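To keep things clear, I will list the structure first and then write my remarks on it.
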Amino acid sequence: TLFVDNSEAWGLYQSVTGTVQSKNASGQLGTMLANVLEQWSYARVAEFAPNICIVMAQAPVSPVFPLRLKKEGIVSAFWFVENWRHMPYWQHICAHYDCFFHIQPGEFEQKLLEAGCAHHAFVQTACDPEIHKPVSLSRDELEEFACDVAFAGAGYYNRNQFISGLTDYDLKIWGTEWTARELQRFLCRPEQRFTPELFTKIVAGAKINLNLHSSATHSGVDPRCDAINPRAFEIAACGGFQICDPCKGIDRFFDPTAELPTYRDLAECRKLIEHYLAHDDERHAIAARARKR
């Protein structure tokens, strides 16, 4: 297996696009760098000559990439770990790959067929038990991570809106793109993307880990949410207690009464927080059952 890693170019991409004030020029430069990365990726794959090339979502490759692989006799696959309603670029690539994997069964599968993608399959995200596992915190780590309620993730529109209704709790927020003024004092390591290892400590330090699936259009819970994020599995694997919005299909993986309490709005979320902060034994038992599952 060859891992084609483009992450070392991220710093250069930020510098190239961030040091030019003109949005037009910045965008053009970013596209040029992405084109270079695509050529570099193709050169490494072609030289390795694999049987199968699996492309991850947002990899720096164009719709032409799988067509070039096909000429080399390489089977191509794409794993679209995105919400199809938020990231429409799938329309331009799905038919070009031999196999197209996604995380949203149901409506999206019909959309893929309509776009000419005949070979597609649902593959749920999950966790890595070698990384996502319970950890013990030192005294200094407890000082940094201990709290009643924690949220770890990007500050999407609905998260900024929803979590602004929880500012009366002992709250800690981790991740980037948090813009709500009332949440700024709760940000930990602002604008730093946390690593999986740091995530395990965030989970260990919080009595309640909040999970809210992202939405760019709703002010709270997305009633159409049907893409279960990996955080649901990662928190459980870390032995953390979690409350979550009721994403469609999540009851296939967790019992909402015994393993993963869910809320439909801010009022229900606050009610769950109040209840489980007052019932430590119940909270620990639920977390243990979720980890076992």
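Computed from a predicted structure; not experimentally measured.
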For [X] and [Y], does a side-chain donor sit closer than 3.5 Å to a side-chain acceptor?
| X | Y | result |
| --- | --- | --- |
| Ser22 | Asn24 | no |
| Asn229 | Asn211 | yes |
| Tyr42 | Glu47 | no |
| Ser62 | Glu38 | yes |
| Asp140 | Ser138 | no |
| Asn158 | His218 | no |
| Gln104 | Glu109 | no |

Verify, without hydrogens or angle tests, whether [X] (side chain) and [Y] (backbone) share a donor-acceptor contact under 3.5 angstrom.
| X | Y | answer |
| --- | --- | --- |
| Ser26 | Thr17 | yes |
| Asn6 | Ala9 | no |
| Glu72 | Ala46 | no |
| Tyr89 | Gln58 | yes |
| Asn160 | Ala180 | yes |
| Asp245 | Cys247 | no |
| Arg291 | Ala237 | yes |
| Arg44 | Trp40 | yes |
| Trp174 | Phe199 | no |
| Glu114 | Lys111 | no |

Counting heavy atoms not belonging to [X], are there more than 12 under 6.0 Å from its [atom1]?
| X | atom1 | value |
| --- | --- | --- |
| His275 | NE2 | yes |
| Arg252 | CZ | yes |
| Asn51 | CG | no |
| Met32 | CE | no |
| Ile54 | CD1 | no |
| Arg264 | CZ | no |
| Asp281 | CG | no |
| Phe194 | CZ | yes |

Ring centres under 6.0 angstrom apart (Phe254, Phe233):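 Ring centres of Phe233 and Phe254 closer than 6.0 Å.
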Aromatic centroids of Tyr263 and Phe162 separated by under 6.0 Å: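 Here the rings of Tyr263 and Phe162 have centres that are less than 6.0 Å from each other.
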For a quick test of reading the model, state the closest non-hydrogen atom pair linking [X] to [Y] and the distance between them.
| X | Y | result |
| --- | --- | --- |
| His96 | Pro63 | CD2-O, 3.6 Å |
| Gly165 | Leu266 | CA-CD2, 3.9 Å |
| Thr125 | Ile228 | OG1-O, 3.3 Å |

Cation-pi check, Arg231 onto Phe151 ring (under 6.0 Å, within 45° of axis):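 The answer is yes, since Arg231 meets both limits relative to Phe151.
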Cluster overlap Val203 with Ile286, hydrophobic side-chain contacts below 4.5 Å: no
Rounded distance (nearest 0.5 Å) linking atom CG of Leu210 with atom CZ of Phe241: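 CZ of Phe241 is found 10.5 Å from CG of Leu210.
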Can you tell whether the side chains of [X] and [Y] come within less than 4.0 Å, N to carboxylate O?
| X | Y | value |
| --- | --- | --- |
| Arg85 | Asp226 | yes |
| Arg289 | Glu259 | no |
| Arg270 | Asp168 | yes |
| Lys70 | Asp98 | yes |

Inter- and intrachain pairs under side chain to side chain donor-acceptor pair (under 3.5 Å), touching residues 184-199, at least two apart: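 The answer is Glu144-Arg189.
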Plane angle bin for Trp90 and Phe108 - parallel if under 30°, tilted between 30 and 60°, otherwise perpendicular: perpendicular
Aromatic plane relationship, Phe78 with Phe80 - under 30° parallel, 30 to 60° tilted, over 60° perpendicular: tilted
